[in-house]
J.: 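Quick one: the structure is below, questions incoming.
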Amino acid sequence: MSVVTRFAPSPTGYLHIGGARTALYSWLHARQNGGRFVLRIEDTDRERSTPEAVQAILDGMTWLGLDADEAPVYQTERFDRYKAVIQQLLDEGKAYHCYSTAEEVEAMREAARAKGEKPRYDGSWRPSPGRTLPEPPADVPPVVRFANPLEGDTVIHDLIKGDITISNTELDDLIIARSDGTPTYNFCVVVDDMDMGITHIIRGDDHVNNTPRQINIFRALVGDESQLPHYAHVPMILGADGKRLSKRHGAVGVMTFREQGILPEALINYLVRLGWSQGDKEIFSREEMVESFRLESVQKGAATFDPDKLLWVNQEHIKAMPAERLGGLLADYLAERGVSMAGEVDVAAVADILRERGATMVEMADKAEMFFVAPTEYDAKAVKKFCRPVNLELLAQVRDRLAALPDWSPQAIHEAVHGVAEANDAGLGKVAQPIRVAVAGVPVSPPIDTTLAVLGRDATLARIDRALEKLDRSADN
RNA sequence: GCUCCCUUCGUCUAGCGGUUAGGACGCGGCCCUCUCAAGGCUGAAACACGGGUUCGAGUCCCGUAGGGAGCGCCA
């Protein structure tokens, strides 16, 4: 039987990293088995579901490259089907009408709690042989409850956690249709997974306690035990404070990472390693993940999200990326901040010399700006330290050598700069730092030779001239 | 409260009865060096606790503690 997995978010907000990780695991499992990966939007909560959230989730999935094989399934479009299945269960005596009011049920729960037991519905409207039910009150619209097995155990053969056994006596008869006739979550999930032919249900482990109920409903619906889906419950992701990641604790939407300059492949890489490992390997391409990821070796315990490591993974991907692609990405980030790249400077070349100097695309863009926009002012501290009259004299010498260079290559520039240093019996820093200030406005840049090479001769000379003029004057004052 | 789950450096993890408990991020030091990085080397840093089982437990069993989840006419 070919593998079918699904990701089933409820559209009440953006796609955050917990959801992204379970989506990733589902996607990986489908891909590595040549199966299908499907999206299902669990939008039955009309109060909280929004089309914006649906779009945000879709956008996040697209950005991460977690492509689904079919159009998304929307639960709200399947109400007729749920209704039919509920009727079927009713007809087969596997579900029944319950006329207890919400208040009465709450009282039952309270009573159970008082006795130190698990709060639950007491089954007072459950039909059983030889039992006469009270007359249904005319003014109470009934709910439909699923008749859960009264004895025995339900065991989950969880691919991640191992076997989990829960006694059926712990489970009460859950509501599968509200008094207004609408179906409830635990029921819809089962019908959907069955109809969609899902073979592997991969989801957050906050669902383990729901699973026995769902398995029992499954069994009531399909006779063939071999049709039961496999379960894999992936642990939660915790925030830095050790608490479950929530909106309070940095559970930002996945697209926020894009804004922060994180690459989708880096986020995916970080997420796949958070809770799973393959020997000492840390950096994975998408293909490597698909090949080596194993549901069975996912960690059982919750993991803490570590932004520092994400940054490191991100830079590893930046360092490994082809210059052309990195340049394209960098151009996007620069364009977003309004930097014009109309001049001579090659963005890919800029990206290439910056890749070791930025952990994020935002940092890269910060450092790249100087290649496209001449400095309008000079860092005061740097000027004071590196642009004293002696330095400016060296700067002038360099300017002339550079101007006379027959060939504008890093090697030639390197020799010119070195030449000035040697001729004046000065360290390289004495010459390089003033150039940096002149050209970048700050005393930090990639190696001076490559920096100038990428910047181009005209821009270099123009910037040096301007600095010479401006700084000289300020020295006079 | 009840049920279920989890527990190796600060963090992510390797380990699957015998290891100097390994790697990675982060942190410290050294080297390289025109700045910043990147890189190389190196250091500090963990088996939650208590009982068993065993010749021998991070590894198996049972407790304890701590953490998490669920117990909805939410999903």
Side-chain angles (χ1 to χ4, degrees), chain A residues 8-12 42-45 47-49 75 98 100-102 105-106 109 112-120 141-145 156 158 161-162 164-167 169-172 174-186 188-189 204-212 233 235-236 238 240 242-244 270 273-283 299-313 315 319 354-359 367 382 386 414 417-418 421 427-433 435-437 440 442-449 451:
Chain A
S10 66
T12 55
E42 309 212 323
D43 54 353
T44 53
D45 184 349
E47 300 288 299
R48 299 191 299 152
S49 299
Q75 288 189 322
C98 164
S100 297
T101 61
V105 174
E106 186 45 47
R109 282 198 267 264
R113 252 190 289 262
K115 279 194 290 181
E117 287 166 9
K118 182 183 283 196
R120 56 191 314 197
V143 298
V144 178
R145 288 185 183 267
I156 312 168
D158 196 280
K161 307 236 181 204
I164 298 170
T165 305
I166 285 140
S167 169
T169 59
E170 292 296 328
L171 279 20
D172 62 358
L174 74 157
I175 292 175
I176 58 177
R178 303 180 181 96
S179 48
D180 66 0
T182 58
T184 59
Y185 168 76
N186 278 111
C188 296
V189 166
D205 71 359
D206 47 338
H207 287 286
V208 286
N209 291 286
N210 288 329
T211 306
H233 287 98
M236 313 259 80
L238 275 21
K243 295 224 174 74
R244 179 183 176 173
Y270 175 75
R273 271 288 287 107
L274 189 62
W276 173 81
S277 66
Q278 166 74 270
D280 290 340
K281 195 168 166 59
E282 294 285 352
I283 302 303
Q299 202 73 13
K300 290 180 184 177
T304 306
F305 175 70
D306 179 3
D308 284 335
K309 185 148 186 182
L310 204 212
L311 251 24
W312 175 77
V313 171
Q315 185 168 18
K319 286 195 294 187
L354 250 25
R355 68 203 317 160
E356 287 178 352
R357 269 158 270 264
K367 293 177 162 61
F386 301 118
H414 185 79
V417 176
H418 263 271
L428 206 50
K430 279 253 188 317
V431 188
Q433 289 305 79
I435 305 176
R436 284 200 167 85
V437 176
V442 291
V444 179
S445 87
I448 202 66
D449 45 8
T451 299

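Convention: sequence-line order gives letters A, B, ...; per-chain numbering from 1.
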J.: Between B/C74, B/C5, B/C12, which nucleotide gets closest to the side-chain atoms of A/I164?
T.: B/C5
J.: Please report, rounded to the nearest Å, how far the C1' atom of B/C5 is from the CG atom of A/D206.
T.: 12 Å
J.: Give a yes or no on whether the backbone of A/E42 and the side-chain of A/S10 come within a donor-acceptor separation of less than 3.5 Å.
T.: no
J.: Just how far, in rounded Å, is P of B/G26 from NZ of A/K309?
T.: 9 Å
J.: Picking from B/A75, B/C12, B/C5, which would you name as closest to the side chain of A/K161?
T.: B/C5
J.: Let me spell it out: for each of A/S179 and A/L428, pick the nucleotide of RNA chain B with the closest heavy atom. Which residue's pick is nearer the 5' end?
T.: A/L428
J.: Looking across every strand, which nucleic acid part, if any, lies under 4.0 Å from A/D180 by heavy atom: base, sugar-phosphate, or nothing?
T.: nothing
J.: For B/G26 and B/G39, measure between their P atoms and round to the nearest Å.
T.: 9 Å
J.: Would you mind classifying the nucleic acid contact of A/P235 as base, sugar-phosphate or nothing, using non-hydrogen atoms under 4.0 angstrom?
T.: nothing
J.: Need one value for A/V208: base, sugar-phosphate or nothing, where a base atom within 4.0 Å counts as base even if backbone is also close, heavy atoms only.
T.: nothing
J.: Consider side chain to side chain contact (heavy atoms under 4.5 Å, CB included). Of A/R436, A/Q433, A/K430, which one does A/F386 pass it with?
T.: A/Q433
J.: My understanding is that only one of A/D205, A/T211, A/D206 makes a side chain to side chain donor-acceptor pair (under 3.5 Å) with A/H233; could you say which?
T.: A/T211
J.: Within the distance-only criterion (no hydrogens, no angle test), does the side chain of A/K161 pair as donor or acceptor with the backbone N or O of A/K300 below 3.5 angstrom?
T.: yes
J.: Any donor and acceptor pair, going by atom type alone, linking the side chain of A/S277 with main-chain N or O of A/R273 inside 3.5 Å?
T.: no
J.: Given atom CG of A/L238 and atom P of B/C5, what is their separation to the nearest angstrom?
T.: 19 Å
J.: Say we look at B/U19 and B/A57: how far apart would their P atoms be, to the nearest angstrom?
T.: 11 Å
J.: What contact category does A/D43 fall into here, base, sugar-phosphate, or nothing, at under 4.0 angstrom with non-hydrogen atoms?
T.: nothing
J.: Describe the nucleic acid contact of A/R48 in one word from base, sugar-phosphate, nothing, applying a heavy-atom distance below 4.0 Å.
T.: base
J.: What is the distance from OH of A/Y185 to P of B/G70, rounded to the nearest Å?
T.: 11 Å
J.: According to the Watson-Crick and G-U wobble definitions, with both distances under 3.5 Å, which nucleotide is paired to B/G63?
T.: B/C49
J.: Only pairs with both distances under 3.5 Å count, Watson-Crick or wobble alike; so what is the partner of B/G10 in this structure?
T.: B/C25
J.: Can you check the A/H207 NE2 to B/G72 P distance for me, whole Å?
T.: 16 Å
J.: What integer distance in Å separates A/E282:CD from B/G26:P?
T.: 11 Å
J.: Assign A/S277 to base, sugar-phosphate, or nothing according to its heavy-atom contacts below 4.0 angstrom with the strands shown.
T.: sugar-phosphate
J.: Counting only side-chain nitrogens and oxygens, does A/R120 get under 4.0 Å of the OP1 or OP2 atom of B/G1?
T.: no
J.: Would you indicate which nucleotide in B/U11, B/C4, B/G39 comes nearest to any side-chain atom of A/D306?
T.: B/U11
J.: P atom, B/C4 versus B/U64: distance in rounded Å?
T.: 13 Å
J.: What is the distance, rounded to the nearest whole Å, between atom CD of A/Q299 and atom P of B/G67?
T.: 20 Å
J.: Scan A/D172 against the nucleic acid and name what it touches under 4.0 Å (heavy atoms): base, sugar-phosphate only, or nothing.
T.: nothing
J.: Is the backbone N or O of A/T169 less than 3.5 Å from a side-chain atom of A/S167, with the two atoms forming a donor-acceptor pair by type?
T.: yes
J.: Is there a Watson-Crick or G-U wobble partner for B/G58 with both distances under 3.5 Å, and which nucleotide is it?
T.: none
J.: Can you tell me, in whole Å, how much space there is between the P of B/A21 and that of B/U59?
T.: 14 Å
J.: Under 4.0 Å between any heavy atoms, over every strand shown, what does A/I175 touch: base, sugar-phosphate, or nothing? Just pick one.
T.: base
J.: Rounding to an integer number of angstrom, what distance separates B/A44 and B/C27 when you compare their C1' atoms?
T.: 9 Å
J.: A/N209 side chain: which of B/U3, B/C25, B/U35 is closest?
T.: B/U3
J.: At 4.0 Å (heavy atoms only), tell me whether A/T451 reaches a base, stays on the sugar-phosphate, or touches nothing.
T.: nothing
J.: Applying a 3.5 Å limit to both distances, which nucleotide forms a Watson-Crick or G-U wobble pair with B/C30?
T.: B/G40
J.: Counting the atoms with a prime plus P, OP1 and OP2 as sugar-phosphate, which does A/T44 contact under 4.0 Å by heavy atoms, base, sugar-phosphate, or nothing?
T.: sugar-phosphate
J.: So A/G427, base contact, sugar-phosphate only, or nothing? Heavy-atom distance under 4.0 Å.
T.: nothing
J.: Give the nucleotide from the list B/C5, B/C71, B/A75 with an atom nearest to the side chain of A/P119.
T.: B/C71
J.: What are the two closest heavy atoms between A/A303 and A/L274, and how far apart are they?
T.: CB-CD1, 3.6 Å
J.: Please measure how far the P atom in B/A46 lies from the corresponding atom in B/C12, and state the result in whole Å.
T.: 16 Å
J.: May I ask you to say what A/A303 touches in the nucleic acid, namely base, sugar-phosphate or nothing, with a heavy-atom cut-off under 4.0 Å?
T.: sugar-phosphate
J.: Would you indicate which nucleotide in B/A69, B/A75, B/C2 comes nearest to any side-chain atom of A/T184?
T.: B/A75
J.: Work out how far the C1' atom of B/G72 is from that of B/U13, and round it to whole angstrom.
T.: 38 Å
J.: Could you tell me the separation between the CD atom of A/E170 and the P atom of B/G1, rounded to a whole number of Å?
T.: 16 Å
J.: Starting at the 5' end of RNA chain B and moving along, which residue's nearest nucleotide shows up first, A/Q278 or A/K319?
T.: A/Q278
J.: Between B/C36, B/C4, B/C73, which nucleotide has the shortest distance from any of its atoms to the side chain of A/R178?
T.: B/C73
J.: Working to the nearest 0.5 Å, report the span between CH2 of A/W312 and OH of A/Y270.
T.: 12.0 Å
J.: A/P9 near the nucleic acid: base, sugar-phosphate alone, or nothing, with a heavy-atom cut-off under 4.0 Å?
T.: nothing
J.: Of all the heavy-atom pairs spanning A/L171 and A/P212, show the shortest one and how long it is.
T.: CD2-CB, 3.8 Å
J.: If I pick the P atom on B/C6 and the same atom on B/G10, what distance separates them, to the nearest angstrom?
T.: 22 Å
J.: Under 4.0 Å, heavy atoms only, any strand: does A/R436 hit a base, just the sugar-phosphate, or nothing?
T.: base
J.: Counting only Watson-Crick or G-U wobble pairs whose two distances fall under 3.5 Å, which nucleotide matches B/C71?
T.: B/G1
J.: Let's see if you can work this out: which of B/C34, B/A24, B/A75 has an atom nearest to the side-chain heavy atoms of A/W312?
T.: B/A24
